[in-house]
Amino acid sequence: MSSLTHTTREPVATREAERVGRDRSTTLSVPIQAPFNASILFAFLNGRAIPGIEAVTGKRYRRRIEEGIWIEAEATDGPLEVRMPAAAAARATEITARLRRLFDMDVDPEAVDRHLARHPTLAPLVAAEPGIRVPGVWDPFEGAVRAVLGQQVSVARATRLAAVLCERFGGDGFPGAQTLADADVAAIGVPGMRGRAISAIARRVVDEGAAWLEDAEALRAGFVEIPGLGPWTAEYAAMRVGRDADAFPDTDWGVVKALGLKGAAARDWAAPCRPWRAYAVMHLWRSRAV
C-alpha cells in the first residue's frame, strides 16, 4: 500500500516543475521489494526519454501528464518517493499504478535472481547487478507505437522519431489513438508501411480499446497480423507493453551481439531461464550497454 502525506514545500528546482505545484504538493511513498536496481532502470529510461514529456536525472524520473503539470518519482534506499502538484492529487491512484508498471515494481526480484543465477553465463551478471527490472511503459498505446518506431533503427533514432511524432500530432503530449488512426504517420520520416502499421494499431485501439495491448498473447497475435510488423516488434512489445516476463526477442541486435547466437540457437540458450527470459534479456543488454 502507498502512504499519502501532504507537505508544503518549495517547487522542485527545474524549469518544468517551477511552473506547477507552487503552493502545495502531494508526496507518495511507494514500497519497493528489494533489491531494486534503480541505476540500470533509470539509465534505460533516460536514453529513451521524449524531450518535453519525460526527463530523467540520476534516479529521478519526471513526466508531464498535462500541460503545465509534471509528476516526479525518485528512487531512494527505501521506498519510491512520488511527488505531484495538488492539481494532480486526485489522480494519485492512477499515477501510482502507471509508475508501478513503468518501474516493474510487482515482480519478486529475489526469485528472478535465484533462478537466473543458475545459468552459467548469467551467474556473474546477476551477482554484479542484482534486482534488475524490465522497464515497462507509462501508457500501453504509447508503448506500442514506440515499439514500432524502434523497429530496425537505433535507440537514439527511435527516440527522436517519437519526439517528432509528438511535435507533429501530439499537441501537449503523446498523440492519442484517434489522432494517429487517421494520420499520415509516415510524414515524420518513417517508411510508409511502418506508418500505416502505427495507424492500424491506433484504429484497433479506437474500435476495441487498449486492453489487447496489455495481454501479451493478444498483442503478439495482433501485431503479426499487421503488414510491416515482424516477430522482433511483437516480442519487444510483449516484453515491455504486455509485461510478459518470459518474452525473448531472439533476433534482437543486443541479444545477438551478447550471445553470438540468434533465432533457434538463442532460444536454446535461453531455455533454462524460463519463465524469466525477459530479465535475462536485460542482463544481456546491460552486458553490451545497449
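Keep in mind that the numbers below use all heavy atoms, side chains included, and drop hydrogens, waters and symmetry copies.
Checked by atom type and distance alone, the side chain of Arg60 never pairs as donor or acceptor with a backbone atom of Val56 at under 3.5 Å. Here the side chain of Ser287 pairs a donor or acceptor atom with the backbone of Leu284 at under 3.5 angstrom.
Salt bridge annotation for Lys262-Asp250: absent, with no cationic side-chain nitrogen under 4.0 angstrom from a carboxylate oxygen. A salt bridge links Glu66 to Arg91: at least one charged side-chain nitrogen sits closer than 4.0 Å to a carboxylate oxygen. Taking the charged nitrogens against the carboxylate oxygens, Glu54 and Arg62 have no contact shorter than 4.0 Å, which rules out a salt bridge. A salt bridge does not link Lys59 with Glu74: none of the charged nitrogens is closer than 4.0 Å to a carboxylate oxygen. Between Arg243 and Asp104 there is a salt bridge, since at least one side-chain N of the basic residue sits less than 4.0 Å from a carboxylate O of the acidic one. Under the 4.0 Å criterion applied to side-chain N and carboxylate O atoms, Lys257 and Asp252 are not assigned as salt-bridge partners. A salt bridge does not link Arg220 with Glu225: every distance from a Lys NZ or Arg NE/NH1/NH2 to an Asp or Glu carboxylate oxygen is 4.0 Å or more.
For the atom pair OG (Ser154) and CH2 (Trp253), the distance works out to 10.5 Å, reported to the nearest 0.5 Å. Rounding to the nearest 0.5 Å gives a distance of 4.0 Å between CZ of Arg146 and CD1 of Ile50. To the nearest 0.5 Å, atoms CG (Leu229) and CZ (Phe223) are separated by 6.0 Å. Rounding to the nearest 0.5 Å gives a distance of 9.5 Å between CD1 of Ile132 and CG of Leu41. To the nearest 0.5 Å, atom CG of residue Asn46 and atom OG1 of residue Thr57 are 7.5 Å apart. Rounded to the nearest 0.5 Å, atoms CG (Asp139) and CD1 (Ile65) are 12.5 Å apart.
Relative ring orientation between Tyr279 and Trp276 is described as perpendicular, the plane-to-plane angle rising above 60° on a 0-90° scale split at 30° and 60°. A perpendicular orientation is assigned to the rings of Phe174 and Phe141, their planes being inclined by more than 60° (bins at 30° and 60°). His119 and Trp269 have tilted rings, their planes meeting at an angle from 30° to 60° on a 0 to 90° scale.
Scanning both residues, Gly131 and Asp113, for their nearest heavy atoms gives N-OD2, 2.9 Å.
Of the options Asp244, Val224, Leu213, Ile201, a side-chain contact (heavy atoms from CB on, under 4.5 Å) to Leu219 is made by Leu213 and by none of the others.
Other residues, nucleotides and ligands contribute at most 12 non-hydrogen atoms within 6.0 Å of the CG atom of Asp77.
Side chains of His283 and Val126 form a contact here, defined as non-hydrogen atoms less than 4.5 Å apart. In this structure the side chain of Leu122 reaches within 4.5 angstrom of the side chain of Cys273, judged on heavy atoms. Contact annotation: the side chain of Met282 never approaches that of Arg133 to less than 4.5 Å [non-hydrogen atoms, C-beta and beyond]. Residues Arg196 and Val185 have side chains not in contact (no heavy-atom distance under 4.5 Å, counting atoms from C-beta outward). In this structure, the side chains of Cys166 and Pro175 come closer than 4.5 Å at one or more pairs of heavy atoms.
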Is there a salt bridge (Lys or Arg N to Asp or Glu O under 4.0 Å) between Glu235 and Arg240? Walk through the geometry before answering.
CA-CA 9 Å; Glu235 201 65 17; Arg240 295 197 57 208; over 6 Å; no

When you look at Phe169 and Asp182, which way does the side chain to side chain contact (heavy atoms under 4.5 Å, CB included) test go after all the steps?
CA-CA 11 Å; Phe169 300 113; Asp182 301 318; over 6 Å; no

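Stacking of Arg204 on the aromatic ring of Trp212 is recorded, both the 6.0 Å distance cut-off and the 45° axial limit being met.
The hydrophobic cluster containing Val256 does not contain Tyr236, counting ILVMFWY residues as joined when their side-chain heavy atoms lie under 4.5 angstrom apart, directly or transitively.
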